[in-house]
Amino acid sequence: MRRGLLALVTAAAAWIAIPAGAVEIQEITTPLGVKAWLVQDKTAPVMALSFSFAGGTASEPEGQKGVTSLMAFMLTDGAGRLPAEAFRLREEQAAISLSFGASSDRLGGSLRVLTDNRDQAFDLLRLALTAPRFDSDMLQQRRAQAIASLNQAEQRPRSVAERAMMATMFAGHPYARDSQGLRETLKTLAPADLRTRAAALLVRNGLIVAAVGDIDTAELARGLDHAFGSLPLGEPGAAIPDWTPSAKPRTIVVDRPVPQSAVVMAMPGIMRSDPDWYAALVLSHILGGGQQSRLFEEVRDKRGLAYSVSSDLRTSAKASLLVISTGSANDHVAEAIHVIRGEIARLRSTGVTEQELADARTYLTGALALSLDSSSAVAGLLHSLQVDALPRDYLDHRAGLIAAVTVADVDRVARRLLRDDAIATIVVGKPVGLALER
């Protein structure tokens with residue numbers, strides 16, 4: 001694991017400089033059984049922690065949509081004897097950055113602190129996890145903020161398109177997003193509901209931890225046992241059902257009085273564990289991964305139909321999507337979609353070139369390093385590797401895995417993924433001349 005991560009860190013000049021040969025991902029198990037990955041670096045007096053618990057918004061109880069995110073935000077709104085204002089003051093005085101959030105599959109958190117205040121940070125984290133207050137006044141405030149955020153999102157065409165895409169692709173599955181249902185259940189949630197959800201998720205079974213910075217294995221073990229050790233071991237939560245994609249093309253228009261339509265086109269992707277993952281990653285980049293991509297050239301450069309157009313792979317525990325996003329004036333959006341569909345068909349039928357493959361390899365090999373601009377970013381990377389069940393030496397092999405992708409691999413995956421009968425097209429605005437598929 002030494003050379004791979006060192007190369008990434010060296011390329012990311014904004015991150016902490018680490019002496020050659022000193023980089024190593026260590027795996028520790030604390031006396032109380034908490035496991036973590038650690039990259040130790042004592043060149044700067046900072047420690048960053050990234051962690052998550054199994055279970056997220058997709059596993060919420062029926063009738064309690066929104067409870068996980070609301071609970072996560074309120075973990076730092078007071079804990080133990082510290083009401084919200086006192087908790088925030090303690091964070092500010094010790095220069096502690098502590099936050100929580102929820103995805104479809106996991107409840108996550110991050111911690112960043114100076115070395116001198118490390119013990120205070122672990123203690124504040126312990127309080128947030130084991131004794132959150134969920135005071136009624138703060139619940140009312142957070143609930144109002146959440147509903148206001150939902151209302152604001154309903155006014156943004158891009159947000160509306162994303163939600164409609166999720167609802168369409170995952171109809172009948174927990175990954176679908178029902179903003180109206182979410183708004184209604186948020187109004188009914190009580191402190192007891194948040195406590196029940198916290199008790200269900202804040203357990204050591206399924207806990208993933210990554211640490212980066214000025215801390216050694218013994219110090220980290222003590223801190224982790226202090227913060228997480230008193231949590232119950234817990235039982236695995238209810239499994240999220242598998243997702244069965246629909247083999248039916250759909251074009252859905254959501255009417256909004258805006259001059260430019262937001263467009264999201266989605267189709268089933270490839271799971272992170274699939275042997276074709278790297279070929280799919282290359283395919284997505286060639287299709288719409290940057291200013292040299294086919295979609296950018298055809299939609300923006302040649303025709304000026306959109307300011308931006310992109311494609312990306314989005315994965316979760318039970319599903320993967322290949323998503324294309326753009327926006328175009330209402331009287332040009334039909335043409336933009338037609339051009340995108342044409343490029344999908346061309347890529348599927350004629351494949352990619354050796355030059356496109358070489359350019360994609362170069363970009364994808366170096367792009368990860370550019371995102372590692374802080375110890376928190378590196379901790380997040382180490383955390384995501386564990387979530388994806390990748391080995392500690394993964395970064396030593398990543399460049400080689402990308403380099404091993406051939407034109408034949410990409411062409412095969414293009415035929416597998418780029419299927420007209422699987423594309424859902426969501427348009428939010430007032431598109432002119434757009435044919436609908438039912």
Please round to the nearest 0.5 Å and tell me the distance separating atom [atom1] of [X] and atom [atom2] of [Y].
X	Y	atom1	atom2	result
Glu335	Arg303	CD	CZ	7.0 Å
Met169	Ser246	CE	OG	8.0 Å
Arg158	Arg163	CZ	CZ	14.5 Å
Arg133	Asp137	CZ	CG	8.5 Å

For [X] and [Y], work out which heavy atoms get closest and say how close.
X	Y	value
Arg183	Asn151	NE-OD1, 3.0 Å
Phe296	Gly290	CB-O, 3.4 Å
Gly429	Val253	O-CG1, 4.5 Å
Val432	Ala334	O-CB, 3.6 Å

Decide, yes or no, whether a salt bridge links [X] with [Y] under the criterion of side-chain N to carboxylate O below 4.0 Å.
X	Y	result
Arg416	Asp274	yes
Asp421	Lys248	no
Asp359	Arg361	no
Asp77	Arg142	yes
Arg294	Glu297	no

Can you confirm whether [X] is buried at [atom1], in the sense that more than 12 heavy atoms of other residues, nucleotides or ligands lie under 6.0 Å from that atom?
X	atom1	value
His397	NE2	yes
Glu85	CD	no
Gln292	CD	no

Is the closest side-chain donor-acceptor distance between [X] and [Y] under 3.5 Å?
X	Y	result
Ser316	Ser104	no
Ser59	Arg197	yes
His383	Ser52	yes
Thr185	Gln64	no
Thr406	Asp409	yes

Could you walk me through whether Glu343 and Arg348 pass salt bridge (Lys or Arg N to Asp or Glu O under 4.0 Å), step by step? CA-CA 8 Å; Glu343 286 307 303; Arg348 181 180 62 235; over 6 Å; no
Evaluate the ring planes of Phe51 and Phe53, with Trp represented by its six-membered ring, and classify them as parallel (under 30°), tilted (30 to 60°) or perpendicular (over 60°).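 Perpendicular: the ring planes of Phe51 and Phe53 meet at over 60°.
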Between Glu27 and Lys35, is a salt bridge (Lys or Arg N to Asp or Glu O under 4.0 Å) present by the stated rule, with each step listed? CA-CA 7 Å; Glu27 183 173 17; Lys35 297 181 182 296; 5.6 Å; no
Report the C-alpha separation of Thr326 and Ser308 in whole Å, then their side-chain angles, then the decisive distance to 0.1 Å, and conclude whether the side chain to side chain contact (heavy atoms under 4.5 Å, CB included) test is met. CA-CA 6 Å; Thr326 191; Ser308 67; 5.6 Å; no
Just jot down the ring pair (Phe, Tyr, Trp, His ring centres under 6.0 Å) partners of Phe87, sequence neighbours excluded, or say none.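 Ring pair (Phe, Tyr, Trp, His ring centres under 6.0 Å) list for Phe87, sorted by chain: empty.
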Please step through side chain to side chain donor-acceptor pair (under 3.5 Å) for the pair Ser110 and Ser99, ending with a clear verdict. CA-CA 6 Å; Ser110 64; Ser99 63; 3.1 Å; yes
Does NZ or CZ of Arg300 fall inside the cone over Tyr307's six-membered ring, less than 6.0 Å from its centre and within 45° of the axis?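 Relative to the ring axis of Tyr307, which defines the angle, Arg300 lies inside both limits.
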Is the distance between the ring centroids of Trp243 and Tyr175 under 6.0 Å?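 That pair fails the under 6.0 Å test.
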A side-chain contact here means heavy atoms from C-beta on lying under 4.5 Å apart; do Trp277 and Met271 qualify?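 A side-chain contact under 4.5 Å is absent here.
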Stepwise, does the salt bridge (Lys or Arg N to Asp or Glu O under 4.0 Å) test hold for Arg412 with Asp276? CA-CA 9 Å; Arg412 183 186 69 255; Asp276 279 333; 2.4 Å; yes
Do side-chain atoms of Thr362 reach the backbone of Ala358 as a donor and acceptor pair under 3.5 angstrom?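 Yes.
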